[in-house]
Number of protein chains: 4
Amino acid sequence: TRQTEDVTGDRELHVKTTLRELIIYLAFLIILCIVTFGMTGTSMYYYTKVMSDLFLDSPWTSGGSFRTITSVEDFWKFAKEPLLDGLYWESWYNNQTVPDEQLGYIYYENKLLGVPRIRQLQVHSNSCVVHADFKDVIRECYESYSESVENKEAFGKKDNYTAWYYRSEDELGGSSYMGQITTYSGAGYVQDLKRYKNESEEIINYLFNERWIRRGTRALFIDFTVYNANINLFCVVQLTVEFPATGGAIPHYQLRTVKLIRYVTVYDYFIMACEFIICLFILYYMVEEAIEIKKHKCSYFKSVWNILDILVIVIVLLCVGFNVYRTIKVDELLKDLLGKPDQYADFVFLSFGQVQFDNAIAVAVFLAWIKIFKYISFNKTMTQLSSTLGKCAKDLAGFAVMFFIIFLAFTQLGYLLFGTQVKDFSNFKQSFFTLFRIILGDFNFDQLEAANRVLGPIFFILFVFFVFFVLINMFLAIINDTYSEVKGDMANQKNEFEITDYFKRGYDK
Amino acid sequence: TRQTEDVTGDRELHVKTTLRELIIYLAFLIILCIVTFGMTGTSMYYYTKVMSDLFLDSPWTSGGSFRTITSVEDFWKFAKEPLLDGLYWESWYNNQTVPDEQLGYIYYENKLLGVPRIRQLQVHSNSCVVHADFKDVIRECYESYSESVENKEAFGKKDNYTAWYYRSEDELGGSSYMGQITTYSGAGYVQDLKRYKNESEEIINYLFNERWIRRGTRALFIDFTVYNANINLFCVVQLTVEFPATGGAIPHYQLRTVKLIRYVTVYDYFIMACEFIICLFILYYMVEEAIEIKKHKCSYFKSVWNILDILVIVIVLLCVGFNVYRTIKVDELLKDLLGKPDQYADFVFLSFGQVQFDNAIAVAVFLAWIKIFKYISFNKTMTQLSSTLGKCAKDLAGFAVMFFIIFLAFTQLGYLLFGTQVKDFSNFKQSFFTLFRIILGDFNFDQLEAANRVLGPIFFILFVFFVFFVLINMFLAIINDTYSEVKGDMANQKNEFEITDYFKRGYDK
Amino acid sequence: TRQTEDVTGDRELHVKTTLRELIIYLAFLIILCIVTFGMTGTSMYYYTKVMSDLFLDSPWTSGGSFRTITSVEDFWKFAKEPLLDGLYWESWYNNQTVPDEQLGYIYYENKLLGVPRIRQLQVHSNSCVVHADFKDVIRECYESYSESVENKEAFGKKDNYTAWYYRSEDELGGSSYMGQITTYSGAGYVQDLKRYKNESEEIINYLFNERWIRRGTRALFIDFTVYNANINLFCVVQLTVEFPATGGAIPHYQLRTVKLIRYVTVYDYFIMACEFIICLFILYYMVEEAIEIKKHKCSYFKSVWNILDILVIVIVLLCVGFNVYRTIKVDELLKDLLGKPDQYADFVFLSFGQVQFDNAIAVAVFLAWIKIFKYISFNKTMTQLSSTLGKCAKDLAGFAVMFFIIFLAFTQLGYLLFGTQVKDFSNFKQSFFTLFRIILGDFNFDQLEAANRVLGPIFFILFVFFVFFVLINMFLAIINDTYSEVKGDMANQKNEFEITDYFKRGYDK
Amino acid sequence: TRQTEDVTGDRELHVKTTLRELIIYLAFLIILCIVTFGMTGTSMYYYTKVMSDLFLDSPWTSGGSFRTITSVEDFWKFAKEPLLDGLYWESWYNNQTVPDEQLGYIYYENKLLGVPRIRQLQVHSNSCVVHADFKDVIRECYESYSESVENKEAFGKKDNYTAWYYRSEDELGGSSYMGQITTYSGAGYVQDLKRYKNESEEIINYLFNERWIRRGTRALFIDFTVYNANINLFCVVQLTVEFPATGGAIPHYQLRTVKLIRYVTVYDYFIMACEFIICLFILYYMVEEAIEIKKHKCSYFKSVWNILDILVIVIVLLCVGFNVYRTIKVDELLKDLLGKPDQYADFVFLSFGQVQFDNAIAVAVFLAWIKIFKYISFNKTMTQLSSTLGKCAKDLAGFAVMFFIIFLAFTQLGYLLFGTQVKDFSNFKQSFFTLFRIILGDFNFDQLEAANRVLGPIFFILFVFFVFFVLINMFLAIINDTYSEVKGDMANQKNEFEITDYFKRGYDK
Ligand SMILES: [Ca+2]
């Protein structure tokens, strides 16, 4: 938006210009908000919840659920019961059989698109070095997963099940997955399930009996997508079990509820219209910013507000682009898929993109809101506060540097001391946020003490004393002192012509 | 109450008047407190607890309870076991049969008034638009519930059970219900249970076998009322299971423990007397305020204290009105009901009114308490503090505006980023309160991180840094600075004649 | 202790006197600490824990435990399984029978003193008024428990079991019990169990079959005492189940681990010696204080330190008295009891006294510690801080009054709005502490919202805003301002002769 | 490092020297960080987790797990099921038998080194004094554990199982163990298990049937070590069950995941190189510090920075020493062990040392980080903040003393009042940290209230009021006041030549 500093000379003119700018900006902001709120809705959360209740929390007979998987055995228990029961709803609750045309719906409502796919990744034997002392005793050794040590050879029975043969990421058209431990490639040994429960059960039992999951197995994926026509939402489900090199198993999951088909109801078309208006606004702002850049050159980039403007414009442009791409792509995919219901339907990449799109829009709206502060000079109090913030920014920044050096030193200490025992300190990032949470009063002291009876409490006391008692209070001291100063300055200063005066005068006439 | 500013001139007279006013006011306040505390009691909480233990937490054989219902199947399990066992107590704990005249009491103590009612609401098929791509595959589509798409046609067996026939809100005399997801009308397909367990069990099994709950079902209500003569309390129980368009089920409940019959014991009649005195006080204050309004006209409404006065008077008047209505209505209802024990007894509306009545009184007492501050000028310290608050009110308000703009920007960002995954951000309101709770140190960081590995932590850090470290400290800076100023001013000022002086002088004489 | 203000004139003499006083005082304090720490030990906690694990948390076959009792039925399940299994250990873990002389030990270690006693309290029928409308339908009515409506008539089979006959508090030598809901008298229908498991089981089954617990039953008590010779500790166990007038049941318990026999080992005799020294000190201080009171008369009581002194002396004297009484009484009781092992052993009153004794000592030590501050004038910083506290005490007190008026208004509002639904607000006291906990960041927002969707959040926001943001910060403003002032004053003042100077000079010589 | 104060005279030269020193120091710091981060990794946490999931959380048939053991019976349930199942993996998940050469691996991945060892400690009968009153009734008495009352006699069947015969700490080469209650010696009655499941099962059943755990048993240890070749980590597992003199049982455990073989992969050798460089740096710093000590004598030790230097050097030297020792020792042990697979492998001491080594390094790095502040005088803001901290250090320290006296008085009061009932106050240390946690908002008010209905809440309110409201705010007042002062001083002072100026000038040239 135009730089208000240009307009020198007459104070009244300046106010007038600002006001006009503000009104245009508010119009833009409101429409942006409408669009973003139109994209989402509470039913999205309920959809995610229903799916997670069904697949992650449904227990198998002996009591565990997906979330509590700790061994290969647990995984098979999950696959045989909650997974199959969750995917195939072939009888009503009173045990009547569901008619054939209503089959293939989870909870009788959510169409399973295509068939679910099971995939595993292995590392090859002797992918790591065994120490000389153990060479004679330990003959096989399976490294932690990384793409370079992936096993690519066929194994097991090698019959006509695809499960025994490796297929590369390109062949599968897959994409990589970021699990709890590491990132996995999209390749692997793949087995698609079938449309009916008994057929799928047979496959799972076969894989179980033939010991498909072996010592080298490092990760196992179950992917499928459901579509709910009532609320027009897709849910892309990715259930993963990681088998770390330590033995045992760690479950992970990704449920992405997305609105891939965006324009169906009347309300959707209203949103579409708003989106069009947004594009017009963006064009207008692009022109304006271009003019300003030409005029001010480098100095243009010194203002935070200008950088905000450019960020918002760029994000919105990217989103518009993706929107077009997504609309075309989904249509294509669906047409292909609905013809071949026995095929696996890969919506992973699209849903990932859609989530990024939603996030980008969210950030854009946030930035747009923040820009409102540019126009806030309604009255003295406001100015006083914002100039306090502005004035102590440098001091705060300087202090923040000091603060973070000490904070990081504590983070590292916490990680090294408790990392092997306590989940909250198991890596540097976790350790950082755990310490942050201590400041806010959310922590687990008992764990710390259990991990190290002596250093745990000492670490805790030192941290609280220095960071909570001393450093946090410095923040306040800085702000407090600056506020007094600013307030003192203000008192001496004569009132400038303000927006409120403008209205008052209008009213007086 | 009389505006103390009127009395100019003699300072001593002013103090005397204030004192008299204060004493009258305290009398009013004390009687008001007696009345409100007389209306409630700890047994109310225990009653609610006993009912919720029985209906919400009693498990069925395979382990779940009302609170954990996630599917239609779960609901039937609940209905067949905990619900029937909770409603009908037909044998003592040692399996002796309860004699006939003691039947119909929950826990042998709480009379079930009339019979329980089960009600469902449906939406009609094809109440929503299916996207062109899916038209061939998905032939039925049931929209989320709203009154406009309610199904009103008879369905199923259409035999002489009322359960298959739609009845409107007027026919049923029902009222709408605000559930977890949306608000439901009071209409629907209704089936009353019977007075004996085996009969009711038969009905439930019949509905189960005939698949009464269908794809279009969007909500199911179980309503009944119990009365405990020992403690003279009603408990109106509303158990609801919502079936969202996503599939699955969400349980909801409302337990309203109310004292609908207010005057039974001697203590009750004492409260009645107090209520009568309150009415007199209110009359007195009404007259006084009327005189003042006449005198001061508009300027009367500029004082916060006057507005408080009027609020209190209006609330109390409304309550008096409702009290009369309730007493008559309950009597009527009970007479009707006790004659026909096989009929459903609808206390929903009355109990709802009674709860509002209790809340209104509570708010009135709160406001009355706050008004005490009008009279606080006992000594210098007090004045100093209240004038600090008064003086920084404008600055605080200005700052609060800034604070809430940033806060709302974060709320929106949180909602859009995490809304589909995290319950605490699943709608705007939740998001707002979740951020509020972060400030107070009550939050779940792991959820945030699970929802978005990158933006979750960044959001958290930014929020804590800006809002917790910077903005919250501004509050303090403002108050701190103002306090110093006020204290400085006070020190220079000569002591005014205070209430304490008045007492001192009386004592000296 | 002597009032240091007396010593005027020479500053050095003053320091010398203070120093001597301080040394004597420290000697007193250290011995007091030795005595108090000698009275307790971590094994006390473990003893309580072991007993509570055994009786409160051991589950019965179908899954509940004492803590989860919600109905009469649950109680009988508890009595038949965890209670009997916990009281009688008649076989080793590998199912060998325990020899007869080792019977009667819980966990094979803790001697059950005498036999356990079961007691119930009832209210009589028609102890309350039934409203006219219900008179025809509801014929029996049992009031909430209070001593005045206690049922005193024999009931049931009236055979030679004592369980059917009422005995008064005096007959039983019992004492009243403060439960969750109300306080119960020590009277009631009593049945002692036997020394062997099968006999006790028979009694319990008999009571169960004859429906000993009836509608009028309001509370049920199980009392017994165990003694562990290894660590010389008694544990007095009182398990209570309250049956409120609402129906249902609420479990309550009291485990008092006390050292009733105080002098057994060598270490015990060392503590005894210390106690003797304490008595001497107390004599010394009594004399001193008496002299001072004579000298200063009323003005003596104006100093906080003097009141502290008197408090400590009184508490210690009371404790000495109880100590003597206890030693005699326990011996008497034990001798009586060990002769008649089939009798119930009532240690309730003694253990109650002992707990009060321990608490009184704890408070005395706390007060003694606080008194150290009287002597702290080591250096300037200390003086500066304590005089800040002293100076702002009046302002803080004034503010605290304001604070608590608002706080209590919120407490009352919370109680009235949410009391019927939320445990944390179920009575005034709970409500008060719940709001206190909100300030510290420990609260349950979801409960509040569930109780009242509209007023819950509003209440929360208002409370946090006014109390957490505004009022709490006032505390800081007061302290901050006073500190600046005091520091300024100090800077101008010349250094007085201080204790450190005294040492320094001694060192210089 | 060289004392920068030496370089007087030319300001520019001073900056130059500082800069060179800083760069060298940063190089040292970075390599130190590389080494420490090279020593650890997230797989360490996962290894601990997998082992703890397996042994501590696996349930036995009737529902408990190691963590919930409360009696001898529970222990045997654990030993018969989760322990044996966790140690011996003799069939794949689909029930195929594991081939013989792959036996002896937990989770098929983690080699069990040697065989597990079970050990118990007893106290001898009549190790304590029974009070005169009980002498006739209580004939046996077993004191709480301490080495002096250890039972050393053979007991039970005395057949050729080693389990019946006492062996001293020297014979076993064991080391003492710090449990929940007390510290246990390394001696005791020892029974090694076997390499195959059925043999080990036989031993456990034999011990169970012969009642190996007796009344005198005070602790039971299960020790074994596993090695994972995939990730080259050892995990030393110590499961302990303590049987306190109160009866019952308390489980405790120690899982030490350590990298005892440090140099295997290429990356390991890179770390080795870094370690070598660190040694060179240390040599350099040792020389420098030696020179400085010679020059400045005692005054050298007055600077905090110098003491930091010496601490870091000493710690690193100790670590280098241990590193050499460990490398040799492990090799020795492994060679010995792999020859005799039926022997118990004692890695307890080595793993303990390794953990201390890791902690020492962690502390050294932390100290090294803190030293960076010595060089921070980049710009005015920084100086301002660090000089504020420096200036208020004395006041803060003085205040901290006051604070901790009051805090300790509360700690003691809490311990004495609630110690017998509440875990969080069960000993002085716990009490201290519990109060600390109250300040941060993490506490359990209900426990306090349950322990003492009257004193609990009073204690809580008093503590929060004095410590949270008043004392904590004093911290802020001190810092706030000092900051204002320092800022005022700075404003008057002329800018000194700073590092930033140096760069600026270099840039200008
Ligand atoms: Ca907190």
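Computed from heavy atoms alone, side chains included, the values below leave out hydrogens, waters and symmetry copies. Every value quoted in this text rests on a predicted model; they were computed, and no experiment measured them. Chain identifiers are assigned alphabetically (A, B, ...) following the order of the sequence lines, protein sequences preceding nucleic acid strands; residue numbering begins at 1 within each chain.
- A 4.5 Å side-chain heavy-atom check between A:S426 and D:K49 finds every atom pair outside the cut-off.
- Interface remark: A:N452 contributes side-chain atoms only to the contact with chain D (heavy atom separation under 4.5 Å).
- For the options D:T257, D:T36, D:T265, heavy-atom pairs under 4.5 Å to chain A are most numerous at D:T36.
- Both the backbone and the side chain of A:V137 have a heavy atom closer than 4.5 Å to some heavy atom of chain D.
- A:L413 is not listed as a side-chain neighbour of D:W369, based on a closest heavy-atom distance of 4.5 Å or more.
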Practice task
Would you check, one step at a time, whether the test side chain to side chain contact (heavy atoms under 4.5 Å, CB included) holds for D:F366 with A:Q412?
Solution key: CA-CA 7 Å; D:F366 181 72; A:Q412 181 176 270; 5.9 Å; no
Handout entry: Derivation of the side-chain hydrogen bond (donor to acceptor under 3.5 Å, both in side chains) call for D:D53 and A:T70
Key = CA-CA 7 Å; D:D53 279 353; A:T70 59; 5.3 Å; no
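- For A:K157, the NZ atom sits in a loose shell: 12 or fewer heavy atoms of surrounding residues, nucleotides or ligands are nearer than 6.0 Å.
- With rounding to the nearest 0.5 Å, the separation of CD1 in A:I406 from CD1 in D:I372 is 11.0 Å.
- Two rings, from D:F37 and A:Y415, have their centers less than 6.0 Å apart.
- The side-chain heavy atoms of A:D446 and D:R437, taken from C-beta on, include a pair separated by under 4.5 Å.
- Considering only heavy-atom pairs separated by less than 4.5 Å from chain A, the leading option among D:A400, D:P59, D:P341, D:G179 is D:G179.
- Of the listed residues (A:N427, A:I181, A:I213), the one with the most heavy-atom contacts under 4.5 Å to chain D is A:I213.
- Interface remark: D:F403 contributes side-chain atoms only to the contact with chain A (heavy atom separation under 4.5 Å).
- Of the atoms belonging to A:Q430, not a single heavy atom falls under 4.5 Å from chain D.
- Contacts of A:C128 with chain D are made by side-chain atoms alone, with heavy-atom separations under 4.5 Å and no backbone atom involved.
- Judged by distance alone, the side chain of A:R453 and the main-chain N or O of D:M178 form a donor-acceptor pair under 3.5 Å.
- Looking at A:I472, there are no atoms closer than 4.5 Å to chain D (heavy atoms on both sides), in backbone or side chain.
- By the 6.0 Å contact criterion, OH on A:Y206 is enclosed, its count of non-hydrogen atoms from other residues, nucleotides or ligands being greater than 12.
- Among D:D57, D:D331, D:N110, the residue with the largest count of heavy-atom pairs under 4.5 Å with chain A is D:D331.
- Residues A:P457 and D:K429 approach most closely at CG-CE, 4.0 Å, considering heavy atoms.
- Taking 4.5 Å as the limit, some side-chain heavy atom of A:I461 sits within range of a side-chain heavy atom of D:F433.
- Contact annotation for D:L476: both backbone and side-chain heavy atoms come within less than 4.5 Å of a heavy atom of chain A.
- At a cut-off of 3.5 Å, with distance as the only test, a side-chain donor of A:D481 or D:S484 sits close to an acceptor on the other residue.
- Options A:N444, A:D136, A:V422 differ in how many heavy-atom pairs under 4.5 Å they form with chain D, and the most are formed by A:V422.
- Across A:D133, A:V129, A:N209, the residue that shares the most heavy-atom pairs under 4.5 angstrom with chain D is A:D133.
- When heavy atoms are compared at a cutoff of 4.5 Å, D:L333 does not approach chain A at all.
- Among D:Y107, D:Y105, D:F432, D:Y93, the residue with the largest count of heavy-atom pairs under 4.5 Å with chain A is D:Y93.
- The greatest number of non-hydrogen atom pairs below 4.5 Å with chain D, out of A:E140, A:E449, A:E210, is found for A:E449.
- Panel note: side chain D:Y483, backbone A:N480; no donor-acceptor pair is recorded below 3.5 Å.
- Contact of D:F436 with chain A is made through the side chain alone, with heavy-atom distances under 4.5 Å.
- Neither the backbone nor the side chain of A:V123 comes within less than 4.5 Å of any heavy atom in chain D.
- Taking CZ from A:F443 and CG from D:L440, the interatomic distance works out to 4.5 Å, rounded to the nearest 0.5 Å.
- Residue D:Y46 holds its OH atom at 7.0 Å from CD of A:E242, rounded to the nearest 0.5 Å.
- Interface remark: D:Y227 contributes side-chain atoms only to the contact with chain A (heavy atom separation under 4.5 Å).
- When atom types are taken as modelled, the side chain of D:E101 and the backbone of A:I138 share no donor-acceptor pair closer than 3.5 angstrom.
- When heavy atoms are compared at a cutoff of 4.5 Å, A:Q421 approaches chain D by way of both its backbone and its side chain.
- The two residues D:I231 and A:A245 come nearest to each other via the heavy atoms CG2-CB, 3.8 Å.
- Contact check for D:D358 versus A:L416: no side-chain heavy atoms found under the 4.5 Å cut-off.
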Handout entry: Stepwise side chain to side chain contact (heavy atoms under 4.5 Å, CB included) test for A:L455 and D:N359
Key = CA-CA 9 Å; A:L455 292 176; D:N359 290 346; 3.7 Å; yes
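- For D:C235, no part sits under 4.5 Å from any heavy atom of chain A, backbone or side chain.
- Partner A:F134 forms a side-chain contact (heavy atoms from CB on, under 4.5 Å) with one of D:V264, D:N232, D:L334 and no other, that one being D:L334.
- Heavy-atom pairs under 4.5 Å with chain D were tallied for A:E485, A:M474, A:E143; the largest tally goes to A:M474.
- A side-chain donor-acceptor contact under 3.5 Å links D:T48 to the backbone of A:T420.
- Considering only heavy-atom pairs separated by less than 4.5 Å from chain D, the leading option among A:L408, A:V130, A:V464, A:I439 is A:V464.
- Taking CD1 of D:I370 as the reference point, atom CZ of A:F410 lies at 6.5 Å (rounded to 0.5 Å).
- With a threshold of 4.5 angstrom between heavy atoms, A:I478 approaches chain D through its backbone and through its side chain.
- Heavy atoms closer than 4.5 Å to chain D are found in the side chain of A:F468, but not in its backbone.
- Side chain of D:N230 to backbone of A:T246: no donor-acceptor contact under 3.5 angstrom is found.
- Remark: side-chain polar atoms of A:R211 are not paired, donor with acceptor, to backbone N or O of D:N94 under 3.5 angstrom.
- A:F208 CZ: more than 12 foreign heavy atoms inside a 6.0 Å radius.
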